[in-house]
Structure formats: C-alpha cells, structure tokens
Amino acid sequence: MMRLAGIVTAACLSIAPAAAQPAPAAPSPAAEAPAAPRPALWLLADEDTKIYLFGTIHILPPDLNWRSAALNRAVDEADELVLEVDDEEMDNFDAGVLEGTMLGKSVPVTARVSPDRRDRLAEMIAASGVPSETLDGLQTWAVAMSLSVAQLADGYGADMQALTGVEEALTEDFRARGRPISGVETAAQQIGFFSTLPLSVQREMLEQTVDAWAEGTGDFDPGDADWLRGDLDAMVAELEEMPPELFDALLTRRNTSWTGWLIDRLERPGTVLFAVGAGHLAGRVSVQSMLAARGYRVSRVD
C-alpha cells in the first residue's frame, strides 16, 4: 500500500502550488544493511507448479542491499512475476483514479485530529514540504499515507517522487528477461479499501502517524530491520495494533482473496514469483495460514 501512497503523494505534488522542499537529510550510518540479508521467502508447490511467496517492502532506502541468494534463485527460476498492482499500471497511473482520494471539499487537516495533536501535526506538515492546502483536500487516510511517505523520504535523504522499493527492482528484472508481469488488484481497488473506511478509523490512522513522527518511531531502520533478517515477530506485533476495521480491510479480506487466486493458479503449470507486502505473509491471517487451513502446505525457503 505504501507504493500507492507514493503515487498519491507524487500526484498531489504535481498538481499543488509550488512549495519549498526541505533539504534532504544526510543518510544515517545505520542505513547500512547487514552483510547477508535474508528476507523471508516461502514455496507453495504441487507436481507441476511452483509459487514462491515473497514479502516486500514498498519503499526502501536508496542503495540498500536487501536481496538474498534464495530470492535471486527464485527470480532466475520464475516464469512470471505477480504483484499487488503491476508496475505498468503504476507507470501509467490514471489521474481519474485519484478522485477516490479526494474529499470533494477543503477541510483543515489539523481539525481532524485531537486538540493535543494539532501543533505536532502542523509541524509535521511543515517539515514534509507538502502544501497544507493540498492535504486539506484529501481524505484523511490519504493524508496519513502522504505524510508517512514524506517522513520516509526525509529519513532516507531522498526526494519523495524518486522513492522506490522491492517491486520496482523485481519489475526491472522481469522486464529485462521478457517475462510477464501482472497484478492481483488494481490501484482503484486499493484506494477503495481505504476510502470506504469509517471516518473514525481514518482519523486513528492519522493520529498514529503523528504520534510516530513525534516519538521518532516512524522511520524504517534498515540497519536493524526485522524484514531484512526474515524475522516476522515485530511485524506481527505492529499489525495487531491496527484498528480492527483497518485490519479486516487491509489484511483479512485481501488475503482471503489472494489465497483463492493462489489455489487457482496451482491448476496451471509453471513457476511464479508472488511478491506482495510483507505484512500479508505474517501473523494470524497470513496467506500461508489461510492456505494451510485449506489443506495446502507452504514451506519456508532460506
């Protein structure tokens, strides 16, 4: 979903009045990855079909070493790449889809959080470089995501519109090999998951974003990232802090749909790399647990 947030933010900046961008922060020495990253990889297979399940991070620091030998082997072996939303759609993003992020009126963002958070939110907006009048026209969930992307960009010392992640790198690999790339969802569907959330849940998302910024806990620390080590425990704990409605919309319902897609894909021979957000492959409603509940075995690959 953070890929979508990056698109939304870039689009907002492209239509917004010019604003001074803060100077990028110097990359932290802690941004150096471990010598041998091992992000988690799983295999779902039958007699003539292999589907590698890889949990991605949608936005990463520039030049981070995140690829493992096991992932590289899976990339070499796979006949096709399946993402949440394929990069061709992201590259040719229909501006009309952005209507799903808009309020249709202007409501000050600072009025959408509790009074004790308003000063901190104003500081966060000022630091982001995104004009407040642009954010005032966005739905609250889109504000939360846009500010999260801006925070990541600042922490990585990168321009918001130049942020990339795992999906872009994998897409380059498969395009270079002339292998097909597809998505299990569309950008419009992803926006719909959020735009139909109750306003109270969207407000909670924004308040959590402000709190993380104020506490200095919103940045991804690749030097100590559980994702790079293939350790899902910390990620599971974070997922469980989601409001129940968001957890259901973002994880449970989508994972259920993807589980059905994977089972259907086993009916056709070939080797697939199925790369989706790492949170979908962790915790009590993970895709693997749903496959196991339906009698399918998924094994960890190291």
Side-chain angles (χ1 to χ4, degrees), residues 1-4 39-58 70-71 74-75 77-87 89-90 165-167 170-171 174 179-194 196-197 226-227 230-302:
M1 285 293 192
M2 290 299 287
R3 291 180 73 216
L4 179 64
L41 180 70
W42 291 265
L43 177 63
L44 168 68
D46 63 12
E47 295 82 3
D48 58 3
T49 307
K50 297 171 72 174
I51 305 177
Y52 289 100
L53 309 179
F54 183 63
T56 68
I57 297 294
H58 301 316
L71 175 62
V75 169
E77 187 180 347
D79 306 314
E80 63 177 295
L81 172 66
V82 177
L83 305 170
E84 292 181 28
V85 179
D86 76 83
D87 257 38
E89 179 178 356
M90 287 296 190
V166 171
E167 287 82 359
L170 293 177
T171 293
F174 279 76
R179 298 174 186 173
I181 305 169
S182 60
V184 287
E185 294 173 342
T186 66
Q189 284 178 311
Q190 291 198 339
I191 288 175
F193 297 141
F194 286 98
T196 56
L197 287 170
D226 300 280
W227 176 73
D231 181 356
L232 304 180
D233 289 344
M235 184 176 295
V236 170
E238 184 176 341
L239 294 174
E240 292 294 342
E241 294 177 359
M242 286 185 182
E245 297 93 338
L246 180 59
F247 189 95
D248 181 63
L250 187 61
L251 296 174
T252 307
R253 282 185 275 162
R254 297 170 72 209
N255 289 1
T256 300
S257 174
W258 297 352
T259 297
W261 185 94
L262 289 164
I263 291 171
D264 290 343
R265 182 59 186 82
L266 284 173
E267 298 301 314
R268 292 186 287 119
T271 301
V272 179
L273 178 58
F274 185 81
V276 297
H280 296 282
L281 305 182
R284 56 187 168 86
V285 298
S286 68
V287 170
Q288 303 96 302
S289 66
M290 290 186 176
L291 285 166
R294 296 179 64 172
Y296 293 87
R297 181 175 178 271
V298 181
S299 56
R300 182 77 174 258
V301 178
D302 290 318

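The shown structure was predicted, so the numbers you read here are calculated from the model rather than taken from an experiment.
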Original post:
Are the side chains of Met242 and Leu251 in touch, meaning some heavy atoms are under 4.5 Å apart?
Top reply: yes
Subject >> Residue pair Arg254 / Gln190, side-chain heavy-atom distance below 4.5 Å >> reply: yes
**OP:** Name all pairs fulfilling the side-chain hydrogen bond (donor to acceptor under 3.5 Å, both in side chains) condition that reach into residues 242-253, sequence neighbours left out, sorted by first residue then second.
**Re:** Asp248-Arg253
Original post:
Listed by chain and number, what are the side chain to side chain contact (heavy atoms under 4.5 Å, CB included) partners of Glu77, not counting sequence neighbours?
Top reply: Lys50, Tyr52, Thr271
Subject >> side chain to side chain contact (heavy atoms under 4.5 Å, CB included) partners of Ser286, counting only residues at least two apart >> reply: Gln288, Ser289
Subject >> Atom pair OG1/CG of Thr171 and Leu83 - distance to nearest 0.5 Å >> reply: 5.0 Å
**OP:** Before giving the answer on side-chain contact (heavy atoms from CB on, under 4.5 Å), spell out for Glu185 and Trp261 the whole-Å C-alpha distance, their side-chain angles and the decisive distance to 0.1 Å.
**Re:** CA-CA 11 Å; Glu185 294 173 342; Trp261 185 94; over 6 Å; no
**OP:** Indicate yes or no: at least one non-hydrogen side-chain atom of Thr259 is less than 4.5 angstrom from one of Tyr296.
**Re:** no
Original post:
Between atom CD of Glu167 and atom CD1 of Ile181, what is the distance when rounded to the nearest 0.5 Å?
Top reply: 11.5 Å
**OP:** Using atom types as modelled and distance alone, determine if a side-chain donor or acceptor of Trp227 lies under 3.5 Å from a backbone N or O of Met235.
**Re:** no
**OP:** Give the intermediate values and the outcome of side-chain contact (heavy atoms from CB on, under 4.5 Å) for residues Asp226 and Asp233.
**Re:** CA-CA 8 Å; Asp226 300 280; Asp233 289 344; over 6 Å; no
**OP:** Hey, could you give me the CG/CG distance between Leu44 and Leu266, rounded to the nearest 0.5 Å?
**Re:** 4.5 Å
Original post:
What are the two closest heavy atoms between Ala70 and Leu41, and how far apart are they?
Top reply: O-CD2, 3.7 Å
Original post:
Do the side chain of Glu84 and the main chain of Gly277 share a donor and acceptor less than 3.5 angstrom apart?
Top reply: yes
Original post:
Hey, what do you get for CG (Asp48) to CG (Asp46), rounding to the nearest 0.5 Å?
Top reply: 5.0 Å
Subject >> Pairs involving residues 288-300, ordered by first then second residue, that meet salt bridge (charged side-chain N to carboxylate O under 4.0 Å, His left out) (sequence neighbours left out) >> reply: Arg300-Asp302
**OP:** Check Thr49 against Pro269 and note the closest heavy-atom contact, atom names and distance.
**Re:** OG1-CA, 3.4 Å
Original post:
What distance separates Leu43 CG from Leu53 CG, expressed to the nearest 0.5 Å?
Top reply: 7.5 Å
Subject >> Those residues that, when tested against Trp42, pass ring-ring contact (aromatic ring centres under 6.0 Å, His included) (two or more places apart) >> reply: none
Original post:
Which value, rounded to the nearest 0.5 Å, describes the distance between Phe274 atom CZ and Arg265 atom CZ?
Top reply: 11.5 Å
Original post:
Do the side chain of Asp79 and the main chain of Gly270 share a donor and acceptor less than 3.5 angstrom apart?
Top reply: no
**OP:** Apply side-chain contact (heavy atoms from CB on, under 4.5 Å) to Thr256 and Met290, showing your working.
**Re:** CA-CA 7 Å; Thr256 300; Met290 290 186 176; 3.4 Å; yes
Original post:
Looking at Pro180 and Phe174, what are the two nearest heavy atoms and their distance?
Top reply: O-CD2, 4.4 Å
Original post:
Which pair of heavy atoms, one from Ala78 and one from Leu273, lies closest together, and at what distance?
Top reply: CB-N, 3.9 Å
**OP:** Of all the heavy-atom pairs spanning Ser182 and Asp86, show the shortest one and how long it is.
**Re:** C-CB, 3.6 Å
**OP:** Quick one: which residue pairs count as a salt bridge (charged side-chain N to carboxylate O under 4.0 Å, His left out) with a foot in residues 266-275, not counting sequence neighbours?
**Re:** none
